[in-house]
Amino acid sequence: MTGPRGLFVAFEGGDGVGKTTQQALLADQLRAQGRDVVVTREPGDSRIGPQVRAIVLDGGELDPRAEALLFAADRADHVAHVVRPALERGAVVLVDRYVDSSITYQGEGRGLGREQIAAISRFATRGLLPHLTVVLDLDEAARAERVRRQGYVDRIEREPDHVHERVRRAFLELAAAEPHRYVVVDAGRAPEEVAADVAVAVEKVMRA
Ligand code: TYD
């Protein structure tokens, strides 16, 4: 990544793997070290986020290309108004989902093509990539069970298990292709154990 001087970390993985919990644990830890930390998520924390969430997650049927472009529109505004300004003042930005969620869910899950979706995201973000992407990985049966227990299931989570399985595989392939920018963490353990692995990976990037 060029330009902004902060640290940009993305949390990725399937629905129910514990991204939000891990993001909060890492934020607490970094704040305890005195760092300026911004906790944010996609879709949702841009100015158009609430409307985009209402359409893509809670609305009725939507053309997959419209869905992909709405996620990209949310991302463009989020990067321009939240992520870049925070990085420019030197903050640590922890985002719950980013470009790889579009590549996996829309590119792979919806069959729109990973490269095409990656190109749309590059346009939306002006090429801003995280220093580190944490992929929280959980086997499909455990993941589906966690989502069922959590109660409310949104439009994308309602996709059949084999789609989620493809999404999972796509996350792992993205991570394997660029190991210097990713860490894959086994999310099927106690949150504190997962957090310890995440912290080690973040420390490493900070020292680099
Ligand atoms: P959300 O309620 O934020 O839940 P989660 O805790 O699972 O992240 O739901 C976001 C949903 O939107 C999730 O099912 C993944 C999906 N999504 C995409 O399909 N493409 C994207 O680019 C993003 C950011 C999210």
Side-chain angles (χ1 to χ4, degrees), residues 8-27 39-79 82-83 93-125 128-130 133-138 140 142-171 174 187 191 194:
F8 186 18
V9 178
F11 287 84
E12 296 276 15
D15 303 281
V17 298
K19 293 181 299 301
T20 313
T21 303
Q22 290 305 319
Q23 184 192 32
L25 289 172
L26 180 62
V39 169
T40 186
R41 71 166 177 175
E42 293 186 3
D45 286 343
S46 70
R47 293 179 303 188
I48 55 172
Q51 292 96 317
V52 169
R53 279 187 81 82
I55 298 167
V56 292
L57 301 181
D58 304 322
E61 266 323 293
L62 186 63
D63 179 79
R65 285 166 194 263
E67 176 185 287
L69 291 168
L70 283 166
F71 281 121
D74 171 70
R75 180 163 303 130
D77 196 65
H78 185 229
V79 166
V82 179
V83 178
V93 177
L94 307 181
V95 62
D96 186 344
R97 295 195 181 280
Y98 192 57
V99 168
D100 293 347
S101 281
S102 287
I103 296 175
T104 54
Y105 284 86
Q106 281 66 54
E108 182 63 35
R110 299 280 192 229
L112 293 175
R114 293 190 204 179
E115 190 38 55
Q116 187 148 257
I117 296 298
I120 291 169
S121 269
R122 274 196 296 276
F123 171 76
T125 62
L128 181 73
L129 289 176
T133 296
V134 179
V135 174
L136 296 174
D137 185 53
L138 190 59
E140 179 48 30
R143 190 206 62 76
E145 176 54 28
R146 281 198 200 174
V147 169
R148 263 190 289 277
R149 262 190 280 130
Q150 124 202 334
Y152 173 74
V153 178
D154 70 43
R155 213 184 115 256
I156 289 175
E157 288 165 354
R158 282 197 294 272
E159 287 299 313
D161 289 356
H162 67 87
V163 171
H164 290 288
E165 190 59 72
R166 286 197 354 243
V167 166
R168 177 191 183 198
R169 213 173 327 117
F171 276 125
L174 289 171
V194 178

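All values derive from a computational prediction rather than experimental measurement. Reckoned from all heavy atoms, side chains included, excluding hydrogens, waters and symmetry mates. Whatever order the structure lists ligands and atoms in, that order sets their numbers, starting from 1.
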So, 4.0 Å and heavy atoms of Arg75: is ligand 1 close enough to count as a contact?
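Contact check Arg75 vs ligand 1: positive.
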
So which heavy atom in the protein is nearest [atom], and how far is it from that ligand atom?
{"atom": "atom 11 (C) of ligand 1", "result": "Leu57 CD2, 3.6 Å"}
{"atom": "atom 6 (O) of ligand 1", "result": "Lys19 NZ, 4.1 Å"}
{"atom": "atom 22 (O) of ligand 1", "result": "Ser102 OG, 2.5 Å"}
{"atom": "atom 17 (N) of ligand 1", "result": "Phe71 CZ, 3.4 Å"}
{"atom": "atom 8 (O) of ligand 1", "result": "Arg97 NE, 2.6 Å"}

Compare all side-chain heavy atoms of [X] with those of [Y] and state whether any distance is below 4.5 angstrom.
{"X": "Ser102", "Y": "Ile120", "value": "no"}
{"X": "Pro191", "Y": "Leu25", "value": "yes"}
{"X": "Asp137", "Y": "Phe171", "value": "no"}
{"X": "Ser101", "Y": "Glu42", "value": "no"}
{"X": "Arg146", "Y": "Leu138", "value": "yes"}

Please check whether [X] reaches ligand 1 - meaning an N/O of the residue sits under 3.5 Å from an N/O of the ligand, judged on distance alone.
{"X": "Asp15", "value": "yes"}
{"X": "Gln106", "value": "yes"}
{"X": "Tyr98", "value": "no"}
{"X": "Glu42", "value": "no"}
{"X": "Thr20", "value": "no"}
{"X": "Arg53", "value": "yes"}

Could you tell me whether Phe8 and Tyr98 have their ring centroids closer than 6.0 angstrom?
yes

Does Glu145 come within less than 4.0 Å of Arg149, counting only side-chain N to carboxylate O?
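A salt bridge links Glu145 with Arg149.
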
Between OG1 of Thr104 and CD1 of Ile117, what distance do you get to the nearest 0.5 Å?
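Nearest 0.5 Å value for the OG1-CD1 distance: 10.5 Å.
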
First locate atom CD of Gln51, then atom CG of Asp74, and finally report the distance between them rounded to the nearest 0.5 Å.
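Here the interatomic distance stands at 10.0 Å.
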
Check ligand 1 against Ser101 and write out every atom of the ligand that is under 4.0 Å from a heavy-atom position of the residue.
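Near Ser101, the atoms of ligand 1 are 20 (N), 21 (C), 22 (O), 23 (C), 24 (C).
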
Do any N or O atoms from the side chain of Arg97 and from the backbone of Gly13 form a donor-acceptor pair under 3.5 angstrom?
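Judged by distance alone, yes, a pair lies under 3.5 Å.
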
Checking contacts here: is it the side chain or the backbone of Asp154 that comes within 4.0 Å of ligand 1, counting heavy atoms only? Could be both or neither.
side chain

Which is it for Val56 and ligand 1 at heavy atoms under 4.0 Å: side chain, backbone, both or neither?
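Neither part.
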
